[in-house]
Number of protein chains: 2
Amino acid sequence: MSGKIDKQIGEGETQETIKTKLLECDINPTFQRNEIARVMLSKPQHLSADQVLTLVNAKDGHVSKATVYNTLNLFVEKGLIREVAIDPTKIFYDSNTSHHHHYYNEDTGEIYDFETDVMSLNPKSSLPENTVQSGLDVVVRVKNST
Amino acid sequence: MSGKIDKQIGEGETQETIKTKLLECDINPTFQRNEIARVMLSKPQHLSADQVLTLVNAKDGHVSKATVYNTLNLFVEKGLIREVAIDPTKIFYDSNTSHHHHYYNEDTGEIYDFETDVMSLNPKSSLPENTVQSGLDVVVRVKNST
DNA sequence: CTGCTTGCAAAGGCTTTGCAGAACA
DNA sequence: TGTTCTGCAAAGCCTTTGCAAGCAG
């Protein structure tokens, strides 16, 4: 971990890349949406709406709470990000929409990704009748051993 | 489905069995706790606090909302039941604490169990440092194909 | 000008908490 | 009698909604 981390945050995606991604998802790239997308997409991460609000306004923007909530819902609906059901009392949003799963540290609240090659899942053989799979969430809950 | 259903509900566990289970979990078996345990443990199922409240009071009992919430939390804390993180807006409680996972029908809200033999998971090789696994939640989200 | 977007404040749903009365040992 | 438990109501947190003002095409 180097001292460059601060500088790198938010630069994983350029302003242009972000607008392109929004447009690809049929999202009109307004100022607020750009700001929220920049925070969310800067790196693979898992943020609550409140954390997004704080991060967006920690920089130069000034985005209201309602807009953050509505925008995050819009992003989920359009497939730009996804919801993570880890904490039953709060919604987390995940900037990584590719197939992967989560370690959740119950002691610290930290969330880590792990890739699908860690597991093999074969649920098709027993899906409920007349249904098709639309998503898969795997949460491995861990706690500190030390 | 026969007309005996009403009579059968709640008889999956006898009054004695329920009290024994409560005592085994260090829970003082009061009237309200017995009622709530009877509803929860009558069969493998997934209920929200509100559903438990309705079911408990649909019978002869009269248990307050606060007691239902507090008691369900007590049961979770004592390991008698477990929380299921499926719907980020509502907590579901699962009467089955053994290893199993869930299909969640996003169209209907229905939850079905599936057993662990459907999947093989080998997360130990990559658990975060200094942690031990404390739980595993797998949710396969499905939607109607018809 | 017309439609989309934003923001404030209020409302909403789910859950927890404070405290007084009831039950129990 | 002292501790535990219950229930009502109020408060709390997170999220959504209504509506007026702002912006873009």
Side-chain angles (χ1 to χ4, degrees), chain A residues 18-19 22-23 25-40 46-78 80-94 109 111, chain B residues 18-19 22-23 25-40 46-78 80-94 109 111:
Chain A
I18 288 170
K19 283 193 182 176
L22 291 178
L23 288 170
C25 292
D26 279 319
I27 300 167
N28 196 2
T30 66
F31 171 75
Q32 285 85 347
R33 290 170 181 174
N34 278 323
E35 290 297 294
I36 294 167
R38 185 167 50 72
V39 166
M40 277 304 304
H46 321 83
L47 300 173
S48 66
D50 207 57
Q51 289 175 315
V52 172
L53 178 65
T54 302
L55 286 171
V56 165
N57 290 331
K59 304 186 82 82
D60 48 304
H62 43 88
V63 181
S64 76
K65 181 182 280 195
T67 297
V68 168
Y69 277 92
N70 291 334
T71 300
L72 289 172
N73 280 338
L74 176 70
F75 285 2
V76 169
E77 187 188 311
K78 296 292 188 179
L80 185 64
I81 59 179
R82 73 176 200 189
E83 287 184 357
V84 187
I86 284 188
D87 182 335
T89 70
K90 195 180 288 184
I91 299 173
F92 281 87
Y93 296 92
D94 190 340
I111 303 172
Chain B
I18 288 170
K19 282 194 182 176
L22 291 178
L23 289 170
C25 292
D26 280 320
I27 300 167
N28 195 3
T30 66
F31 171 76
Q32 286 85 346
R33 289 169 183 177
N34 278 325
E35 291 295 295
I36 293 167
R38 185 169 49 72
V39 167
M40 276 307 302
H46 321 84
L47 300 173
S48 67
D50 207 59
Q51 290 175 313
V52 172
L53 178 67
T54 302
L55 285 171
V56 165
N57 290 331
K59 305 187 80 82
D60 49 304
H62 44 87
V63 180
S64 77
K65 181 182 281 196
T67 298
V68 169
Y69 277 92
N70 291 335
T71 300
L72 288 172
N73 280 340
L74 177 69
F75 285 2
V76 169
E77 188 188 311
K78 296 293 188 179
L80 185 63
I81 60 179
R82 73 176 199 189
E83 287 184 355
V84 187
I86 284 188
D87 183 335
T89 70
K90 196 180 288 185
I91 299 173
F92 281 87
Y93 296 93
D94 191 340
I111 303 172

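As a basis for the values below, the full set of heavy atoms in this structure was taken, side chains included, without hydrogen atoms, waters or symmetry mates.
Rounded to whole angstrom, the span from the CG atom of Asn70(A) across to the P atom of dT17(D) amounts to 8 Å. Taking atom NE2 of residue His62(A) and atom P of nucleotide dG22(D), one finds them 14 Å apart after rounding to whole Å. Per the geometry, CZ belonging to Arg33(A) stands 9 Å off C1' belonging to dT6(C), to the nearest Å. Here the P atom of nucleotide dT5(C) and the CD atom of Glu77(A) are 11 Å apart, to the nearest Å. The distance from atom CZ of Phe31(A) to atom P of dG22(D) is 17 Å, rounded to the nearest whole Å. Between the C1' atom of dT15(D) and the CZ atom of Phe75(A) lies a distance of 18 Å, rounded to the nearest Å. Atoms OH (Tyr69(A)) and P (dG18(D)) sit 18 Å apart, rounded to a whole Å. With rounding to whole Å, Leu22(A) atom CG is found 12 Å from dT5(C) atom P.
Closest to the Val63(B) side chain, of the nucleotides dT15(D), dG7(D), dT15(C), is dG7(D). With distances taken from any side-chain atom of Gln32(A) to the nucleotides dT15(C), dT6(C), dA9(C), the minimum falls on dT6(C). Considering only side-chain atoms of Ala66(B), the nucleotide from dT15(C), dT17(C), dT6(C) that sits closest is dT17(C).
Here the side chains of Ile91(A) and Ser48(A) are not in contact, with every heavy-atom distance at 4.5 Å or above. Side-chain contact between His62(B) and Val56(B): absent, with no pair of heavy atoms (C-beta onward) separated by less than 4.5 Å.
Residue Ser64(B) places at least one side-chain N or O under 4.0 Å from the OP1 or OP2 atom of dG7(D). Proximity of Asn73(B) to the phosphate of dT16(C): a side-chain N or O atom is located under 4.0 Å from OP1 or OP2.
Residues Asn28(A) and Phe92(B) both approach DNA chain C. Their nearest nucleotides, taken by heavy-atom distance, put Asn28(A) toward the 5′ side.
The main-chain N or O of Val63(A) is never found under 3.5 Å from a side-chain atom of Thr67(A) such that the two would form a donor-acceptor pair.
Here Ser48(B) lies out of heavy-atom contact (under 4.0 Å) with every strand. Contact annotation for Thr30(B): backbone-only contact, meaning every heavy-atom pair under 4.0 Å involves sugar-phosphate atoms and none involves a base.
Shortest non-hydrogen contact noted between His46(A) and Phe92(A) is O-CD2, 3.9 Å.
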| query | Does the side-chain hydrogen bond (donor to acceptor under 3.5 Å, both in side chains) test come out yes or no for Asp87(B) and Thr89(B), once each step is laid out? | reply | CA-CA 5 Å; Asp87(B) 183 335; Thr89(B) 70; 2.8 Å; yes
